[in-house]
Number of protein chains: 2
Amino acid sequence: MTEPAETIAERLHAAFDSLTRAERQLADSLLQNYPVSGLGSITLVAKAAGVSTPTVARMVQKLGFTGFPDFQAELRRELEAKISDPITKHDTWVEKAPDAHILNRFTDAVMGNIRQTLTQIDIETFDRACTLLADPGQSVYVVGGRITRSLADYFFMHMQVLRADVTQIQSMSNAWVHYLLDMKPGDVVVIFDVRRYENATLKLAEMAREKGARIILFTDQWRSPVHEFADCTFCGRIVVPSAWDSSVTLMLMLEIVIAEVQEHTWASTRKRMEELEDMFDRTRFFRKFT
Amino acid sequence: MTEPAETIAERLHAAFDSLTRAERQLADSLLQNYPVSGLGSITLVAKAAGVSTPTVARMVQKLGFTGFPDFQAELRRELEAKISDPITKHDTWVEKAPDAHILNRFTDAVMGNIRQTLTQIDIETFDRACTLLADPGQSVYVVGGRITRSLADYFFMHMQVLRADVTQIQSMSNAWVHYLLDMKPGDVVVIFDVRRYENATLKLAEMAREKGARIILFTDQWRSPVHEFADCTFCGRIVVPSAWDSSVTLMLMLEIVIAEVQEHTWASTRKRMEELEDMFDRTRFFRKFT
DNA sequence: ATGATCCTGAAATTATTTCTTCACGAAGGT
DNA sequence: ACCTTCGTGAAGAAATAATTTCAGGATCAT
């Protein structure tokens, strides 16, 4: 039995007058650092409040629950709703569409993925990866798999503007071995590998490692086996209501890395970008206005 | 038994490699809206993760707890510390990093972008675009620009699996005109064009339009001039604290379109995907397990 | 291929929790 | 002062949860 749209805290306050002495003591204890105090066993809750267990059982029944477990389940639900903040647990993104519309369901999942991924990201790993990528003394190689090729491509395109010595490895063909020839110790290899982890990618990682290269890995929550060889691993949540996995969280992390690396390298990147602008001007590639 | 100064989430991550398949599945479930998911009874936790109760008991022991109740008690302590901490303002995504850290600022911006983009999306446009793309009678062409080439690539790769008659146009070279030769009235051209709108892209749109093609445009909030020729336009917010624009919202919309088109075409797509699986099996391209 | 090893969940066992009953004691009315 | 009424917690009963055992099954090395 669970009343809708009313928190247990509110119910406690509402019912406070009709409670007995020991029950008020209990209600007080529950509201004190609510709602965690109510999550232990009935024995613990009773002890914390300084009352007996039957008092607890009686009070939750007074509040309209069938028993203590029922009460506790409701408390957990409430906590869950509170923890996942209102922005991410929005449910309806496109207000004109029903909740069940794919636009809403998908967006909800992606928002959750992002929040999840970001709260669990390791800042030191992030900073380390950015420092590695900003080091002009080392070459950077970028490689992706079947699906992640586009991400690798995106990352490569940006890095190429930011700094010199960036190479994209075509992992599909067998030609990727050629790139290993010029790999020096300390060089940085950025690898993308998500579900349906690829054998070629793993082999490449292993061999690059033997060459003394440092590996930055972008993978999913289950971690590609490349992880064994990687210096920095970024795990993104990728599960969405679709037959495919989502690359959005990985894309987000990529872009943040790009932004941060650019901060590091700004002195030299600035010149590169100006030069690029000049060259674009001469190609009349882009529209001048609008 | 309780280790100090290390959260269970961190321990789960640290131990992830030494966990078995079912245990990883469990760890995953626990980290998903952590830490509330771990607060139910062992039975509930097991069921939520889709594993058996012994698996839960085994894993918490691996993590160094004497048993499930011990594990849960630690989880509650952790939660209490987190709740009572006044700095639990949730506009911070990476809790260990300051608000001003690029990870938080960037994510904040992207979240806002997604929200705004989605609230402004037109459902009819969305549905119309998906219907167009699901029509097996018409050919689909995909074309991107300098930055958006990766997005086009990503979209193409998925569409190619979903249905026949999908072509990626390389807009960089001059060869794109060749593709216009075979374009029939009613064919669908998916165009990506964001800031620094490209002349070649606009020209292509114009000429495709003259051929009677329908155009689906993915652009930014300021709308590429291609919009004039487009049947369906998707505008994504792309502004982030970076020298570059963000492609995350566009990627999100792409993925939703892919998911929805797949719904429409599932009957035929299913066969295609099964065949693809068979062929992959024969190539030994992917790792069989893990 | 084959055997050894390890993982996994069903079932049984054990422990714990939750609920109920009941007797004691306090408060308030007669 | 006595009785009635109600609140309270101790103790036991019932229910539920946690752990252990075990056999089938998957994986890996040979």
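The sequence lines fix the lettering, A, B, ..., with proteins before strands; numbering per chain opens at 1.
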Checklist entry - Rounded to whole angstrom units, what separation is found between the NZ atom of Lys47(A) and the C1' atom of dT16(C)? => result 13 Å

Item to check | Separation of atom CG in Leu39(A) from atom P in dT17(C), rounded to whole Å | outcome: 15 Å

Next on the checklist: Run the salt bridge (Lys or Arg N to Asp or Glu O under 4.0 Å) test against Arg209(A) and tell me which residues pass, sequence neighbours left out.
Outcome noted: Asp231(A)

Item to check | Spacing between Leu26(A) atom CG and dT8(D) atom C1', to the nearest angstrom | outcome: 13 Å

Item to check | Rounded distance in Å - CZ (Phe68(A)) to P (dT20(C)) | outcome: 14 Å

Item to check | Atom pair distance, as rounded to whole Å: CG in Asp70(B) and C1' in dA18(D) | outcome: 13 Å

Checklist entry - Looking only at side-chain N and O atoms, does Gln61(B) come under 4.0 Å of OP1 or OP2 in dT20(D)? => result yes

Checklist entry - Between Leu44(B) (CG) and dT16(D) (C1'), how many Å, whole number? => result 11 Å

Checklist entry - Step by step, would you call Glu274(B) with Arg270(B) a salt bridge (Lys or Arg N to Asp or Glu O under 4.0 Å)? => result CA-CA 6 Å; Glu274(B) 279 165 5; Arg270(B) 183 181 183 167; 3.5 Å; yes

Checklist entry - In the 5'-to-3' direction, what one-character label does each nucleotide of nucleotides 9-15 of chain C receive under the scheme B = base within less than 4.0 Å of a protein heavy atom, S = sugar-phosphate only, - = no such atom? => result BBB----

Checklist entry - What nucleotide among dA17(D), dC7(C), dC19(C) has an atom nearest to a side-chain atom of Ser41(B)? => result dA17(D)

Item to check | Partner residues of Glu263(B) under the salt bridge (Lys or Arg N to Asp or Glu O under 4.0 Å) criterion, sequence neighbours left out | outcome: none

Checklist entry - Between Phe192(A) and Phe218(A), what is the ring plane arrangement, given parallel below 30°, perpendicular above 60°, and tilted in between? => result parallel

Checklist entry - dC6(C) P sits how many Å from Lys62(B) NZ, rounded? => result 12 Å

Checklist entry - For Trp244(A), which residues count as a side chain to side chain donor-acceptor pair (under 3.5 Å) partner, sequence neighbours excluded? => result Gln262(B)

Checklist entry - Who are the salt bridge (Lys or Arg N to Asp or Glu O under 4.0 Å) partners of Lys47(B), not counting sequence neighbours? => result none

Item to check | salt bridge (charged side-chain N to carboxylate O under 4.0 Å, His left out) contacts in which one or both residues fall within residues 26-39 of chain A, not counting sequence neighbours | outcome: none

Checklist entry - Got a sec, which residues hit salt bridge (Lys or Arg N to Asp or Glu O under 4.0 Å) with Arg214(A), two or more places apart in sequence or on another chain? => result none

Taking only nitrogen or oxygen atoms into account, show me every contact under 3.5 Å that the protein makes with nucleotides 26-28 of chain C, one pair per line with its distance.
none

Item to check | Contacts of type side-chain contact (heavy atoms from CB on, under 4.5 Å), residue Asp245(A), not counting sequence neighbours | outcome: Arg195(A), Ile238(A)

Checklist entry - Can you tell me how far P of dG9(D) sits from CD1 of Ile42(A), to the nearest Å? => result 13 Å

